[in-house]
Number of protein chains: 2
Amino acid sequence: MKNRIVLIVLFCLLISPSFAKDGYKLWLDYQSIENPNLAEEAEKLFEGIYFFGKNSTYEVIQKELELASKGFLNQNPEFKKLNQNARLWIGTRSELSQYLGLDHQAKIKALGEEGYWRGPLNQEGESLYAIIGNTPKGVLYGVFDFLRSIQTGTFDSNSEKSDSPKIKLRMLNHWDNLDRTVERGYAGFSIWDWHRLPGYIDPRYIDYARANASLGINAVSLTNVNANAWVLREDFIEKVKVLADLFRPYGIQVFLTARFSAPMEMGNLETADPLDTEVKKFWKERVDLIYKEIPDFGGFLVKANSEGQPGPHEYGRNHAEGANMLAEALAPHGGIVIWRAFVYSHEIDEDRHKQANLEFEPLDGKFMDNVIIQVKNGAIDFQPREPFHPLFGAVEETNLGMEFQITQEYLGQATQLVYLSPMWEEILQSKTYRPSPNSTVAEIIDGSATDKELTLMAGVSNIGTDRNWTGHLFGQANWYAFGKLAWDPYQNSAEIAEEWINLTFGQNPETQRKISTIMLQSHEAAVNYMTPLGLHHLMGRSHHYGPGPWVEGGRADWTSVYYHRADSEGIGFDRTESGSNALGQYASEIAYNWSDPNQIPEKFLLWFHHLPWDFKLRSGRTLWDEIGLHYDLGVKTAREMKQQWDSLHGLVDEEQFSHTSQLLAIQVQEAEWWRNACLLYFQTFSNRPFPDDIEKPTGDLEYYKSLRFPFAPGIKPNW
Amino acid sequence: MKNRIVLIVLFCLLISPSFAKDGYKLWLDYQSIENPNLAEEAEKLFEGIYFFGKNSTYEVIQKELELASKGFLNQNPEFKKLNQNARLWIGTRSELSQYLGLDHQAKIKALGEEGYWRGPLNQEGESLYAIIGNTPKGVLYGVFDFLRSIQTGTFDSNSEKSDSPKIKLRMLNHWDNLDRTVERGYAGFSIWDWHRLPGYIDPRYIDYARANASLGINAVSLTNVNANAWVLREDFIEKVKVLADLFRPYGIQVFLTARFSAPMEMGNLETADPLDTEVKKFWKERVDLIYKEIPDFGGFLVKANSEGQPGPHEYGRNHAEGANMLAEALAPHGGIVIWRAFVYSHEIDEDRHKQANLEFEPLDGKFMDNVIIQVKNGAIDFQPREPFHPLFGAVEETNLGMEFQITQEYLGQATQLVYLSPMWEEILQSKTYRPSPNSTVAEIIDGSATDKELTLMAGVSNIGTDRNWTGHLFGQANWYAFGKLAWDPYQNSAEIAEEWINLTFGQNPETQRKISTIMLQSHEAAVNYMTPLGLHHLMGRSHHYGPGPWVEGGRADWTSVYYHRADSEGIGFDRTESGSNALGQYASEIAYNWSDPNQIPEKFLLWFHHLPWDFKLRSGRTLWDEIGLHYDLGVKTAREMKQQWDSLHGLVDEEQFSHTSQLLAIQVQEAEWWRNACLLYFQTFSNRPFPDDIEKPTGDLEYYKSLRFPFAPGIKPNW
């Protein structure tokens with residue numbers, strides 16, 4: 001009955017004939033400018049635009065300015081000659097050199113290849129506004145920033161701004177299969193319509209490039225890391241070339257995933273041994289063929305010897321030998337190898353946590369300069385909260401890149417609003433104590449701590465064919481925040497949220513405040529109702545949808561019981577010296593402090609310690625009670641988020657409202673489901689009552705255990 | 001190089017900042033009215049709308065009028081009280097009875113449950129306009145027709161119109177799997193987001209219902225005929241219920257596909273024998289459960305004992321026993337069983353063509369009244385051209401429905417523009433000579449020839465998640481035409497095309513003429529470049545993409561060689577008395593005439609005859625030459641279609657233009673591919689030169705044979 005009423009209400013909203021926002025335009029929805037002063041200022045500029053050169057990037061800038069002008073001012077922009085009262089100047093430092101003082105030129109030059117300066121220029125008494133980069137790409141970034149300042153109402157023609165990215169490769173990793181399914185994709189299917197390429201260009205490809213460029217994302221890997229060699233065939237390279245051609249003006253380089261066994265699967269060789277001459281020849285020829293079609297091809301992203309993927313270990317070679325073989329083929333063209341550190345062998349190790357360091361620390365200094373190791377933020381697998389990966393700080397002679405997961409595999413998929421930036425910020429701001437006592441993960445990633453030039457932040461894409469790109473409207477915020485942090489890993493999540501909200505929902509302060517509150521509490525809420533206090537890997541098997549703390553059987557380190565180790569005595573994974581000593585892979589400062597269950601931050605408690613149910617936490621409560629409180633708090637926060645949102649009815653667009661309201665209702669149900677299932681399950685070990693001050697878990701543990709989701713998204717279909 | 005130029009041109013089009021038409025609005029794009037007289041008239045009506053009652057269908061009509069008014073006039077409509085100068089009256093005959101004369105009432109009553117009358121009414125000197133049905137659903141259809149008349153500029157407030165459907169069930173069959181893949185789907189993936197149902201309602205569900213209702217489509221089967229019993233579980237019924245609730249106000253009934261072995265798979269029974277008491281009980285309980293949630297549930301669509309699907313034959317029961325068992329469970333609720341005649345056994349028969357008649361003719365009169373047999377238009381499988389199915393006319397005591405395939409499995413999938421209505425019209429207008437000498441397929445389908453009440457036209461949906469719904473913009477025309485022909489199977493394809501073009505591309509006569517020319521020649525072109533002169537089943541294996549006349553091995557009647565039977569002597573399938581005598585299943589008039597290769601319509605020649613390469617056709621040319629000419633003509637027509645379209649640049653919306661232009665370029669390539677591959681292959685048997693007056697096939701037969709498309713859409717992914 002309740003469902004029916006909700007349905008009727010939503011139904012009325014859904015069919016309301018407004019020109020609703022379906023989310024397709026992302027943060028590039030150039031709405032009419034409401035502030036009359038700003039409109040006047042913008043109009044002056046859009047009526048007199050001058051480009052100091054011609055190239056394909058300026059062409060896409062011109063198109064963007066047309067879109068923006070139509071949206072902001074409902075009029076076409078005017079592209080003038082220089083002497084025709086052009087007020088908005090667009091060009092590179094060298095193109096504008098005669099109008100710039102030497103100091104100004106030096107200042108811009110220092111911003112590097114991708115930086116930009118924008119601000120007022122006085123020429124012969126005329127006040128102009130200029131957007132200047134060292135390259136057209138820098139100009140492009142400057143223009144997007146200029147447009148964003150208008151969108152957010154912060155543009156000031158009298159003040160200047162300059163910026164440049166701190167990380168070289170700011171990259172999306174698509175886990176898209178060639179049949180358009182997406183591994184861990186929750187927003188429909190792959191936007192790459194391989195079947196209709198190269199002949200048919202989906203307009204979406206362009207909007208994808210625009211969105212990425214607007215954030216400074218400059219690289220994309222198109223295909224799943226669980227790779228299919230088929231993409232390296234000539235007919236597919238021809239398809240990839242079309243995408244590369246489309247993305248090039250937007251400053252975006254294309255990468256592919258390389259299946260290590262491709263020489264056998266498509267080259268008819270009997271080995272893929274990286275030291276074999278024929279294998280090297282195969283890769284060299286294949287790489288040459290790619291560069292013939294795509295001269296600025298980025299290189300290969302490789303997942304080798306991990307979860308069944310082929311790799312150099314089959315031939316007794318190590319990761320460096322595997323990576324360097326590919327790197328040699330790519331080096332003459334300027335290409336690079338991105339080699340994933342997410343490795344663990346077929347045999348179950350004592351602690352999967354330790355694998356990457358065990359394999360990569362001994363190889364420090366062995367990788368070629370055009371190889372970078374892409375390390376997940378934590379040592380397990382994108383859990384709701386993980387401590388930073390111990391490889392950060394453990395090697396100094398190896399290029400290390402960050403891999404974040406934007407798609408919410410373990411964080412509510414596309415039915416939950418979880419703003420991931422605070423989680424990423426927590427990782428980036430973590431002190432590694434290595435190489436220097438004050439080093440942070442961010443300083444390793446941006447190369448400043450280890451003096452590296454090849455730097456990388458990759459995000460596993462949450463993009464699919466859903467009209468709003470990300471399934472959940474708020475998934476857009478995670479794409480956005482990823483781009484922002486890849487540009488500058490020192491940015492603040494609250495500020496990023498504020499900007500995204502402004503671009504997505506407009507400038508009403510109450511709306512902004514409420515949405516910001518929802519977003520900023522969402523990650524902690526999810527951690528609480530899923531895996532509080534350092535618990536991890538408790539999700540359903542295979543699809544990872546919903547709780548599954550009871551998952552056991554099959555490969556041990558793919559089960560939940562392997563990680564939580566609950567028994568009648570207590571719960572948690574002992575990773576101290578008395579256990580696996582994964583903690584010993586961190587800097588000694590960390591290893592020392594975190595070895596003490598009374599010193600370690602409680603958010604990581606059960607990640608590193610197996611403790612009795614009656615262990616006392618800093619609150620004075622027992623571990624069991626504190627677990628219950630956290631789960632319950634998570635549910636309550638989810639409900640508050642829903643209430644906050646629902647109070648925005650009428651203040652945000654109807655379609656945005658209804659979309660999010662429905663999904664928040666699902667989120668509350670899922671939060672309750674997680675809490676009930678986990679607490680009822682753990683109670684079978686703790687044999688203790690729930691603390692008085694929480695809402696008691698309801699439902700039947702056997703029922704929760706019986707639930708099956710064979711058609712959950714993001715997994716290979718269960719035929 | 002040529003590719004590159006095309007790419008650049010298209011690129012510029014694609015990023016042009018117009019508010020382009022992406023096809024989402026289908027034929028319901030209520031554009032601003034340009035004719036000032038019409039605008040004035042429409043304004044008068046939209047400013048004073050009165051509903052004579054309240055119900056959920058009137059609510060959706062109201063929303064539709066709001067959308068239309070905003071689009072047509074850029075203003076909200078006004079819903080008045082009766083005495084407030086209401087000029088547009090909306091209601092049922094009984095609601096309006098006091099304002100209608102007895103003759104008028106009788107006239108409307110005769111239109112039946114779904115018919116409508118619309119026209120001027122004079123009341124106390126006031127001229128009003130009324131839309132009246134016998135039920136709210138009839139009113140809904142009248143309103144959509146009224147709106148369409150405004151869109152096409154044909155509305156006249158002084159003239160009246162009445163209409164009613166000739167077929168009872170006008171139905172879409174979705175071949176959608178629960179994991180969102182779509183068997184033979186070429187427009188992305190399933191629009192049913194089962195994972196997020198019941199909690200999340202995609203706004204698309206409403207637009208889907210609107211589009212169908214606007215055509216009079218009143219039934220949908222949501223799931224693949226290759227069925228999964230999982231959809232009958234309670235949690236899925238809850239999801240189905242949400243869709244049924246959404247569709248109900250639009251007059252659309254929901255059906256599901258029933259997997260015959262469900263009692264074993266989900267009921268833990270050891271048999272699915274339709275005569276088993278426990279099996280009957282299982283189905284009765286399952287049906288009762290469904291009706292508890294969905295009181296107007298339509299019933300089951302069943303594919304049994306065909307292509308590996310389970311069915312009654314496993315238990316020595318016939319199709320009637322299988323269907324009647326389900327029909328008994330459904331009958332108390334008013335539900336029906338739609339039982340497919342597309343059956344052929346595991347064992348290879350002498351001629352697959354004959355199977356349905358062999359199985360169903362002996363069962364005539366044995367099916368319950370609430371069973372209808374759904375027969376594909378032809379006896380093989382939706383080939384580019386087939387003669388009508390010999391079951392039409394062969395049984396009189398059995399309800400027979402038509403199954404057309406809207407999705408273009410064998411007709412260019414979503415890369416080709418093929419307007420299917422002429423093909424369907426050809427089938428519907430075919431003379432069956434049974435039961436009476438002048439009977440046609442249409443008369444059997446609408447029940448008039450055999451005095452049946454339960455009538456059905458089903459179309460296998462071409463709808464998916466692609467923004468434009470159908471992958472190819474012109475796929476919309478096939479959805480549209482299907483709806484029109486299901487409402488009235490005597491309609492004319494050219495007129496349907498004209499109406500669709502008007503709604504989709506506007507009222508420029510040159511545009512309309514050119515697009516109409518393209519559409520009306522497109523089916524014959526495809527037949528020519530794919531399977532001319534009665535050839536059939538020559539496509540690539542499994543995915544059915546592109547030519548594969550060489551396909552052999554494996555199950556014989558899934559190969560091409562089984563059907564074309566080319567050898568050094570000749571080509572074609574002898575289905576006369578000297579062969580399989582499938583022809584003997586038709587009325588004697590047909591069997592007699594078509595047995596003679598000089599009498600049979602040449603379009604069916606090789607369907608029924610195996611003839612020498614030098615056989616002389618009516619043109620005086622040899623069969624070999626004529627085959628060459630047809631293939632070549634197909635290619636030339638495809639090129640003309642492309643040229644015609646490209647001459648519309650600037651006359652149609654840029655996005656529509658670019659989309660179709662790109663796809664027509666692919667179509668030309670695919671037409672050449674078909675011609676080259678088929679002619680080069682058949683030449684290996686005919687050993688004859690190509691006729692002088694055709695463009696010679698180019699390319700290498702071995703190359704064509706080597707092509708592989710493991711990621712083609714519409715098939716189960718090749719993991």
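Residue numbers begin at 1 in each chain, while the letters A, B, ... track the order of the sequences. Because only heavy atoms are used, hydrogens play no part in the values below, and waters and symmetry mates are left out as well, while side chains stay in.
Within the 4.5 Å cutoff, side-chain heavy atoms of B:Phe711 are placed close to those of A:Phe236. Contact of the B:Arg708 side chain with the A:Trp230 side chain is registered, since non-hydrogen atoms from C-beta on lie closer than 4.5 Å.
With a threshold of 4.5 angstrom between heavy atoms, A:Asp466 approaches chain B through side-chain atoms but not through N, CA, C or O. For chain B, the nearby parts of A:Leu178 are the backbone and the side chain; heavy atoms of each come within less than 4.5 Å. Only the side chain of B:Arg467 comes within contact range of chain A, with heavy atoms under 4.5 Å apart. At a 4.5 Å heavy-atom cutoff, A:Ala665 makes no contact with chain B through either its backbone or its side chain. Heavy-atom distances place no part of A:Tyr186 under 4.5 Å from chain B, backbone and side chain included. Neither the backbone nor the side chain of A:Ala68 comes within contact range of chain B; no heavy atom of the residue lies under 4.5 Å from a heavy atom of that chain. For a residue to count as touching a neighbouring chain, one of its non-hydrogen atoms must lie under 4.5 Å from one of that chain's; by this rule A:Asp22 touches chain B with the side chain only.
Heavy atoms only, all atoms of each residue included: B:Gly199 and A:Gln662 are closest at O-OE1, 3.3 Å. The heavy-atom pair separating B:Ala712 from A:His195 by the smallest distance is CA-ND1, 4.0 Å.
Between the B:Arg196 side chain and the A:Ala414 main chain, a donor and an acceptor come within less than 3.5 Å of each other.
Aromatic ring pairs are classed by plane angle as parallel below 30°, tilted from 30° to 60° and perpendicular above 60°; the pair B:Tyr200 and A:His659 is perpendicular.
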